[in-house]
Amino acid sequence: MPVLIPENLAELREAACSHDPVLLAGGTDLMVALNHRSQRIESDLTVVSLAQVPELRSWSHDPTSGELTIGSGITWSQLERAPFDALAPALAQAARTVGSPQIRNAGTIGGNIATASPAGDGLPVLLALDATVDSVGSDGERSTPLSELLTGTKRTSLAPGEVIVAVRFKVDDGWQGYAKIGVRNAMVISVAGVALVLDGTARRARIALGSVGPTVLLAGEASAFLTSEFDWDAWTCSEATIATVAEMAAEESRPIDDHRSTAEYRRHGVRVLTSRLLKRGRERR
Amino acid sequence: MTTTSTSERREVTAIAGGVGEPVLRPDGGAKVDGSFEFSSDRSVDGELWAVTVRSPHPRARILNVDVSAAVALPGVAAVITADDVPGVNGFGLIASDQPVFAVDEVRFVGEPVAAVAATDAETCARAAELVVVTYEVLEPLLDAERAIDGTFEPIHPDGNLIRHQRIVRGDSDFVGEVIVEGTYEIGMQDQAFLGLEAAVAVPDADGAGVELLVATQWLHEDRRQIATCLGVDEERVKLTLGGVGGAFGGREDISLQVHVSLLALVTGRPVRAAYSRSESFIGHVHRHPAAIWMRHHADRDGTLRKVEARFVLDGGAYASTSSAVLINAVTHAQGPYRCENAVVDGYAVRTNHLPCGAMRGFGVVQACFAHERQMDRLAAACDMDPVDLRLLNAMETGDHLITGQRVENVAPVARCIRETMALPLPEPETEDHVLSLPGGAGLTADGSVVRGVGMAVSIKNLMYSEGFDDYSTARCVVRDGRVALKFATAEVGQGFVTIAMQIARTELGLADVDFESIDTAVGSAGSTSASRQTWMSGGAVVEACRGVVGQILDQVATDRELDRDGLRIEGEWVTADGVPVVMVAEAVAGHLFEFTAEYHHPETTELDEYGQGDCHTAFAFTAHRAVVDVDPDLGLLRVVQIATAQDVGRALNPLSVVGQIEGGVAQGLGLAVMEEIIQTNGVIRNASFTDYLIPTIADMPPVVISLVEEPDPRAPLGAKGVGEPPCISVTPAIVAAVDDALRKAGRRVSPLTRVPIRPQDIALAGEGSTATVGS
Ligand SMILES: Cc1cc2nc3c(=O)[nH]c(=O)nc-3n(C[C@H](O)[C@H](O)[C@H](O)COP(=O)(O)OP(=O)(O)OC[C@H]3O[C@@H](n4cnc5c(N)ncnc54)[C@H](O)[C@@H]3O)c2cc1C
């Protein structure tokens, strides 16, 4: 099976469009799938490595618009640290919960999006941030809201060979946070995860949930209720609001029983995490 | 003969690197830097790879096996099934009830049906997918109770009940002033050794026998079973131990040994196989999941008077060591406490779950979880401190088990409890790091974390039981001043080779000790299990060395015309009536000495129908204290510290003992809070380290240790086995600490009764639970 290693975006487009490619970023999802034989690379497929494309490994922040653009090849290890820990603390927190240091050194945010697992730790944060995904494919470039890109469990609207170039979203000096329940204290797949973004500029709250549905979910009603009940000037909300929002988020989750946990506990976890995040957000902790 | 003139200068000091020192192990550095050769790393010229084709069903009739497409795939050298097994198509440690390849019926998900040899692993995998097995799916037996009550048809010719054992002692009608009762559940734990199953089989020159390099726990028992299946004399099967990366009981049964040996004979070429992690989960036996009911009777002052219990161990599809695990469980039902009355029933049953067998603790882990949870209940019912209750009832040498057996060993139970409780509690955490909170990296914890403390105690038998003579053999050769030891003791990472070298140095007074290849060219050493090798193979090495010492002293007596009776080896010297006469190294120069010894432990007996008999060889005792931080709303926790005092007899290598204790604690902690194989409808759901969770460095607390050294007169060199005891009472100690924390949080009055504890068991249950919105 041939392996192509393009060295810039133009070469990558060329390579990805003219073949039936398997895109390889950090390989931390792809190699597991291959080893478990849940995915096969037949010999007529071409592996296209994304590792040497500088455009995918860059990022930018526009202080005027507040937009942060993160190349798809940025790793979790990078996202844990400066400048991302200050610009997008919820994403940095999500990054800290991913796997082990070895996995974080290799795994990328683009791979997390393309894998589209409901347990992908970057996804609730990106969904709560209302992120947009920029991609290139044989039909050219497009920008898609993450909520539209994710179509089902481990399914996206990405066409074969379509490459995620970057993901972008607005950040401000409001508050954002992420918390994840796992059955051990590190290197664990999420049993339930909650991301909360309090956007002080747009005066809008967004709550997104991981591992409690077929895809990551936006808790739309809880978000809308919080948006209207939060006192944006005083930057506070009542205990009653917190309890209601937590209850609404729990109601909006669609968890199942599986070998990792039960639906009942997951729903409970969403309630507790939403409540705790909102208390942290209210105090800007 | 003048020795006195120089004797003032001759100082008899202990030899460096001898018994009692923290000698470093020879394999340690290589394991850390990655250069150690595990059996999966071994490659042989001209080798083929092998892979096993396994059942996807927990129970199904095999209607047809069509290997034609697989055989036709280029690169495939052979595909074998039950039809190709030349000897007995059955193996097993106690009963040969498990087929090499299934015939007629498959009985668990993962049961081997065929095996493929091909030029490379990928071709093997593709060929395996081309083996077409036609099944008629049958209703699986998954409920252990139905295996006991006889309402399910036999799923195996040997029946659904593997063994029932009853123990009745004293007054079975006795009713205590205080009675506590509970039902307990222990999940299926995996050994999770890091070095996966692997072997290389090389056919003999004449193609009638095979040489096998394999990671195993008991070379000679493997050889017996392989030879039986191959239909050849045992001499035609030679085994050498490959590099073993942990075992914990999971390598005691045959896994891929017969498959690769047979493929080597069929193809006439070396054949190599190595399991993946997911295959390993279905390719070896596990710790028995158990349901245990117990009722304890006591006087109002807390004196334990009677234990009633019913054990149900799910043995899965094949017998393995289930009957021995059951005996361990029922005979340890009272724990390390005096108790004169007992009525205990135990059942080991066959189901269509994954087969279970040996795992570190061997039945006692399950029993201890139940009896220690009961002791906590009893303490509450008697309004006593749990530590005082245990001290009041602590067993001593001379006390009896409920089997009527007298405990002859050193039994410092009270001392273990006192020393454990006297160890320092953890210092308050100074830095505010997320990994020091329950939930760790997930950043879930807020201010509501509560700390609890709990403790538990265990008794564990050492060596094999019920009349089995699990002897060990060792040979000692002294040539050119160097010692060469030969034994078949499987070094699985426990450090026996280090201990053996230390023993030889101390016994012989010679510094240079080598050990030869560990293989079947010498007599059996028995299994590296049951905490037995330091005692049994250590005993054999002691006796082999002492045989050589006798020869050396004979030589010195003759050479120097000394009275043989006054001669001894002390330090590096031969002494006459305590006076150094010649260094051992000088005395042995130019001579060859050799001695082979077999070490046997005292005989044991079988149990009678009332479970009475001296069935065990020896006992060791341990206490654990756990400190655990709990987030009651989410049910997440972090073990903060484990303290333990362990009855080790004598620490031949204190560093090794600490290693065993820390590792055992990690394994017992895993069982307490996360490790469980989940099967639904007989299908394993978490056959990977993604979902079968074992503790990481972020879950493993510091372990503070006190070694209780009271040399046991019955043990060679006074040393008791230390392998299993550390992993037993740590589990109930952690659970007791969680209960304590929940009580402090005002959450729960009824104790936790199941391991592993799942977050929902804490967050969603319990009287007085306010499991709604977190603080
Ligand atoms: C031990 C272990 C622990 C893990 N723990 C976690 C965890 O805690 N949380 C979590 O969220 N994940 C976890 N993962 C999963 C994985 O590490 C992440 O999803 C990671 O972000 C994947 O990125 P990658 O670069 O390795 O992707 P790859 O494996 O290289 O690719 C994954 C998929 O995405 C496609 N792809 C990759 N990049 C692009 C692109 N730019 N455009 C289009 N398609 C692309 C690939 O073709 C492939 O189908 C873990 C994995 C392992 C092995």
Side-chain angles (χ1 to χ4, degrees), chain A residues 32 34-37 40 80 89-90 93-100 119 121 177-194 239-240 242-247 250 257-269 271-280 285, chain B residues 125-126 128-129 276-278 434-448 631 633-639 670 673-680 684-700 756-764 771-775:
Chain A
V32 173
L34 291 176
N35 286 333
H36 284 182
R37 304 186 80 75
R40 274 279 267 264
E80 290 181 67
Q93 169 52 22
R96 288 181 201 112
T97 76
V98 173
S100 60
D121 281 306
Y178 177 66
K180 155 184 171 179
I181 298 173
V183 181
R184 72 180 165 198
N185 288 329
M187 198 157 108
V188 67
I189 296 194
S190 164
V191 154
V194 178
E239 293 296 318
I242 291 175
T244 308
V245 170
E247 194 54 49
D257 287 342
D258 66 10
H259 57 280
R260 291 185 190 138
S261 190
T262 65
E264 191 190 2
Y265 176 76
R266 287 181 155 120
R267 204 181 286 280
H268 170 79
R271 189 184 296 120
V272 175
L273 291 186
T274 305
S275 161
R276 289 185 180 177
L277 284 171
L278 199 39
K279 283 178 189 171
R280 290 176 199 170
R285 264 195 278 138
Chain B
R126 287 177 189 238
E129 288 167 12
S276 66
R277 179 60 60 187
S278 55
V434 292
L435 287 179
S436 67
L437 292 172
L443 206 62
T444 53
D446 275 355
S448 59
D631 176 342
D633 283 318
L634 285 178
L636 300 179
L637 46 88
R638 174 175 165 265
V639 181
V673 306
M674 64 180 85
E675 291 191 38
E676 182 174 14
I677 290 179
I678 314 266
Q679 295 171 90
T680 28
I684 183 167
R685 301 293 304 278
N686 57 340
S688 77
F689 276 170
T690 304
D691 281 322
Y692 182 87
L693 302 179
I694 55 175
T696 69
I697 190 80
D699 304 281
M700 181 64 192
I757 303 170
R758 298 159 299 198
Q760 59 266 31
D761 298 339
I762 296 172
L764 299 180
T772 47
V773 174
S775 54

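So that the names make sense, note that chain A is the first sequence line, chain B the second, and so on, each numbered from 1.
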Problem - Full working for salt bridge (charged side-chain N to carboxylate O under 4.0 Å, His left out) between Asp633(B) and Arg271(A) - result: CA-CA 10 Å; Asp633(B) 283 318; Arg271(A) 189 184 296 120; over 6 Å; no
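Annotation: maximal heavy-atom pairing with chain A below 4.5 Å, among Ala125(B), Gly440(B), Pro438(B), occurs at Gly440(B). For the set Pro759(B), Ser278(B), Ala698(B), the count of heavy-atom pairs under 4.5 angstrom toward chain A peaks at Pro759(B). Put simply, of Ala445(B), Gly635(B), Pro695(B), Ser276(B), the one with the most heavy-atom pairs under 4.5 Å next to chain A is Ala445(B). The candidate from Glu676(B), Arg277(B), Glu129(B), Arg758(B) with the greatest count of non-hydrogen atom pairs under 4.5 Å with chain A is Glu129(B).
Within the model, atoms CG of Leu636(B) and CZ of Arg184(A) stand 14.0 Å from one another, a figure rounded to the nearest 0.5 Å. Here OG1 of Thr262(A) is found 4.5 Å from CD of Gln760(B). Values are rounded to the nearest 0.5 Å. From Leu443(B), atom CG reaches atom CD1 of Ile181(A) across 12.0 Å, with rounding to the nearest 0.5 Å. With rounding to the nearest 0.5 Å, the separation of OH in Tyr692(B) from NE2 in His259(A) is 14.0 Å.
Of the two parts of Arg260(A), only the side chain, counted from C-beta on, holds a non-hydrogen atom closer than 4.5 Å to a non-hydrogen atom of chain B. At a 4.5 Å heavy-atom cutoff, Ile697(B) makes no contact with chain A through either its backbone or its side chain. Proximity to chain B (any heavy atom under 4.5 Å) is shown, for Val32(A), by neither the backbone nor the side chain. Proximity to chain B (any heavy atom under 4.5 Å) is shown, for Arg266(A), by neither the backbone nor the side chain. For Pro756(B), no part lies near chain A; criterion is any non-hydrogen pair under 4.5 Å.
Taking 4.5 Å as the limit, every side-chain heavy atom of Val272(A) sits out of range of all side-chain heavy atoms of Asp631(B). At least one side-chain heavy atom of Tyr265(A) sits less than 4.5 Å from a side-chain heavy atom of Leu764(B).
In terms of heavy atoms, Ala763(B) sits closest to His268(A) at CB-NE2, 3.7 Å. The two residues Leu693(B) and Val188(A) make their nearest non-hydrogen contact at CD1-CG2, 3.8 Å. Of all non-hydrogen atoms in His36(A) and Ser688(B), the two that sit nearest each other are CE1-CB, 4.4 Å. When all heavy atoms of Ala441(B) and Gln93(A) are compared, the pair lying nearest together is O-NE2, 2.9 Å. Taking each heavy atom of Asp446(B) and Arg285(A) in turn, the nearest pair found is OD1-NH1, 3.9 Å.
Residue pairs meeting the salt bridge (charged side-chain N to carboxylate O under 4.0 Å, His left out) criterion with at least one member in residues 435-445 of chain B, sequence neighbours excluded, do not occur.
Here Asn686(B) pairs with nothing under the side chain to side chain donor-acceptor pair (under 3.5 Å) rule; sequence neighbours left out.
A side-chain donor-acceptor contact under 3.5 Å links Asp699(B) to the backbone of Asn185(A).
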